[in-house]
Protein chains: 2
Amino acid sequence: MSPSGQRRISESTVRRLSVYLRFLRELTRQGRELVSSRQLARGCGTTPAQVRKDLSLFGSFGKRGRGYTVDELRRTLEGILGLGRRWRVALVGVGKIGSALLGYQDLARRGFDIAAAFDSDPAKTGQVVSGVRLYSAERLTEVVRMQHIELGIIATPPESAQAVADELAGAGVGAILNFAPVEIDVPDNVTVRTMDVALELEGLSFVLTSGDRMPSRK
Amino acid sequence: MSPSGQRRISESTVRRLSVYLRFLRELTRQGRELVSSRQLARGCGTTPAQVRKDLSLFGSFGKRGRGYTVDELRRTLEGILGLGRRWRVALVGVGKIGSALLGYQDLARRGFDIAAAFDSDPAKTGQVVSGVRLYSAERLTEVVRMQHIELGIIATPPESAQAVADELAGAGVGAILNFAPVEIDVPDNVTVRTMDVALELEGLSFVLTSGDRMPSRK
DNA sequence: GGTCGCTTGTGAAAGGCTTCACAAGGCCAA
DNA sequence: TTGGCCTTGTGAAGCCTTTCACAAGCGACC
Ligand SMILES: NC(=O)c1ccc[n+]([C@@H]2O[C@H](COP(=O)([O-])OP(=O)(O)OC[C@H]3O[C@@H](n4cnc5c(N)ncnc54)[C@H](O)[C@@H]3O)[C@@H](O)[C@H]2O)c1
Ligand SMILES: NC(=O)c1ccc[n+]([C@@H]2O[C@H](COP(=O)([O-])OP(=O)(O)OC[C@H]3O[C@@H](n4cnc5c(N)ncnc54)[C@H](O)[C@@H]3O)[C@@H](O)[C@H]2O)c1
């Protein structure tokens, strides 16, 4: 899929590719057949040149004078992002946010199956919620290994997050999405991304405060 | 707080400032008094030079040979980020994720009070959940104006997100945190940040796929 | 007071990302 | 076939961010 083996792709490019993909899926639903870099840019909050540059890092997918075939580009992006398969995900911590995620169908729609959930609260284990079995946290390593789970989501209180991350990493998980508002350390062969709601709000607070109702963003 | 009026501060800097702040609060809880740029960097996943450069955009807060005073730097960052006050937030959409957010105490702890929540489902309105009154979505503009709410959180299905954003913007909200996995358009005087869980997972999928599972260990 | 070890603040260099600008190519109508 | 119009793909330029490297400042101890 990527033409020249090892080009370093920036995180911002990858993020934009995901946004393009999200938009392309919407266009597919709408039955649109072709899309230009300009339209893509408009729908994704970026510029046409940026769209073309992002895509050109992986190959030539468009037709001059015409644009891109929605369906073809969608499949191409899925390939680039590694979405030509389904991913098995472990959810750790089935409290308020964990339960919401368990019932969140968009994850499965986009290729991520929560294969098992874990909680340290004995009252919760054993249940099946949204079709997912809830295991005791003690069985994490065992079940993750058995089910060849490659992604983990941490939805426990911050105090437990590091310990959970250690266990996920030890069990062979390659990447972790962390909802606990703390920085966590993992070995170099594991990737962590932290989503912190209040931190995002703080960013908005800064924008409103330093106040220059800025030229928006691109 | 910012020494020279209008320097443009990048989004990545602001994000790191929030991370530093989060870490400083933890150090405060631990009773630490001083912290160096190196320790800050270690705890926040960045480099000492980056920490110093970020802070230097706003002034000189440390003491050579010693480091930074935890408490002082914490308050300084709160000031820079506009957290020297509390923010009133409207939550729109009280479903699975909206309910989780209503019960999420970290928001209030970090300065963001959900002052009102809105849902289009008549069965939900009128209730008080986690101390927050649930209004009919029809009253959004009215209540947002009345209560001088400046921030909005969108937690409705993606189909409604744009309409809700329009209404929030029209009601005077200056910034929006959007949980619906769609790009939304707003006037230039409004800032939107979208949090898309599956999009983050896609980023992890890319990393695992393009897979130079790094040389890792030393 | 003087020396030593440590850390900040900051110009300058390096590196990376985005924007520009345009040649090349596709489509269509005449 | 030709001309007009449109869009891609891409080197190069421009801009921005990160990293480097070091003078200067601080505290401690002799
Ligand atoms: N509630 C929200 O809307 C929200 C939003 C974003 C992030 N978060 C973060 O997500 C995390 C969970 O928040 P919550 O509101 O769902 O809390 P919660 O208390 O409702 O749920 C936490 C769950 O984790 C379980 N748990 C605790 N330690 C565990 C361990 N070691 N292993 C397995 N399970 C364990 C608990 O039994 C509980 O069920 C927190 O870090 C919070 O900051 C919450
Ligand atoms: N469930 C999750 O874990 C999760 C996580 C991240 C993002 N999201 C996103 O958050 C949004 C909500 O997801 P959910 O799972 O909570 O769905 P949900 O169906 O449980 O809740 C949606 C709520 O929004 C209300 N609503 C619909 N239209 C409205 C309108 N115009 N005004 C006010 N309220 C309206 C509905 O009555 C319902 O209560 C979706 O966009 C989803 O993609 C969900």
Side-chain angles (χ1 to χ4, degrees), chain A residues 1-4 6-20 24 27 32-70 72-74 76-77 80 203 206 214-218, chain B residues 1-4 6-20 24 27 32-70 72-73 76-77 80 203 206:
Chain A
M1 198 54 71
S2 61
S4 58
Q6 321 294 54
R7 189 124 64 299
R8 167 140 181 68
I9 304 299
S10 74
E11 200 177 312
S12 40
T13 293
V14 174
R15 179 169 296 267
R16 282 190 302 267
L17 293 179
S18 271
V19 175
Y20 304 154
L24 287 166
L27 293 180
R32 281 285 297 285
E33 195 151 328
L34 287 172
V35 66
S36 67
S37 61
R38 176 201 296 234
Q39 297 167 320
L40 225 20
R42 214 161 276 198
C44 297
T46 182
T47 64
Q50 183 75 76
V51 170
R52 295 198 299 274
K53 186 60 100 182
D54 284 338
L55 297 177
S56 79
L57 295 173
F58 298 92
S60 299
F61 311 117
K63 283 195 180 56
R64 295 174 191 229
R66 298 274 288 158
Y68 304 85
T69 305
V70 170
E72 190 181 308
L73 185 56
R74 201 201 63 222
T76 299
L77 289 182
I80 290 170
F206 176 82
M214 272 287 85
S216 71
R217 163 208 40 225
K218 18 353 212 328
Chain B
M1 200 51 74
S2 59
S4 57
Q6 320 294 57
R7 189 123 64 296
R8 167 142 181 69
I9 303 300
S10 74
E11 200 178 312
S12 40
T13 294
V14 175
R15 179 169 296 266
R16 282 191 301 269
L17 293 179
S18 270
V19 176
Y20 304 154
L24 287 167
L27 293 179
R32 282 285 297 283
E33 192 150 331
L34 287 173
V35 65
S36 67
S37 61
R38 176 200 295 235
Q39 298 166 319
L40 223 21
R42 214 162 275 197
C44 297
T46 183
T47 64
Q50 183 75 78
V51 170
R52 295 198 300 274
K53 186 60 99 180
D54 284 338
L55 297 177
S56 79
L57 295 173
F58 298 91
S60 299
F61 311 116
K63 282 197 179 57
R64 298 176 190 228
R66 298 276 286 158
Y68 304 85
T69 305
V70 170
E72 190 181 308
L73 184 57
T76 299
L77 289 181
I80 290 170
F206 176 82

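Convention: sequence-line order gives letters A, B, ...; per-chain numbering from 1.
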Rounded to the nearest 0.5 Å, how far apart are [atom1] of [X] and [atom2] of [Y]?
| X | Y | atom1 | atom2 | result |
| --- | --- | --- | --- | --- |
| B:I80 | B:I9 | CD1 | CD1 | 8.5 Å |
| B:S12 | B:Q50 | OG | CD | 7.5 Å |
| A:R15 | B:F206 | CZ | CZ | 13.0 Å |
| A:L17 | A:F58 | CG | CZ | 5.5 Å |
| B:R16 | B:L77 | CZ | CG | 12.5 Å |
| A:L73 | A:Y20 | CG | OH | 10.0 Å |

In whole angstrom, give the distance that lies between atom [atom1] of [X] and atom [atom2] of [N].
| X | N | atom1 | atom2 | value |
| --- | --- | --- | --- | --- |
| B:K53 | C:dG15 | NZ | P | 17 Å |
| B:L40 | C:dT7 | CG | P | 13 Å |
| B:E11 | D:dT17 | CD | P | 11 Å |
| B:L34 | D:dG27 | CG | P | 10 Å |
| A:L17 | C:dC17 | CG | C1' | 14 Å |
| B:L55 | D:dT19 | CG | P | 15 Å |
| B:L57 | D:dT19 | CG | P | 14 Å |
| B:E33 | D:dG27 | CD | P | 13 Å |

- Task: Report yes if a side-chain nitrogen or oxygen of A:Q50 is closer than 4.0 Å to either non-bridging phosphate oxygen (OP1 or OP2) of C:dC17; otherwise report no.
- Result: no
- C:dT19 phosphate, OP1 or OP2: any side-chain N/O from A:T47 under 4.0 angstrom? yes
Which protein N or O atoms sit under 3.5 Å from an N or O of nucleotides 6-8 of chain D?
from: D:dT7; atom 1: O4'; to: A:G65; atom 2: N; distance (Å): 3.1
from: D:dT7; atom 1: O2; to: A:G65; atom 2: N; distance (Å): 3.2
from: D:dT8; atom 1: OP1; to: A:S37; atom 2: N; distance (Å): 2.6
from: D:dT8; atom 1: OP2; to: A:S37; atom 2: OG; distance (Å): 2.6
from: D:dT8; atom 1: O2; to: A:R64; atom 2: NH1; distance (Å): 3.1

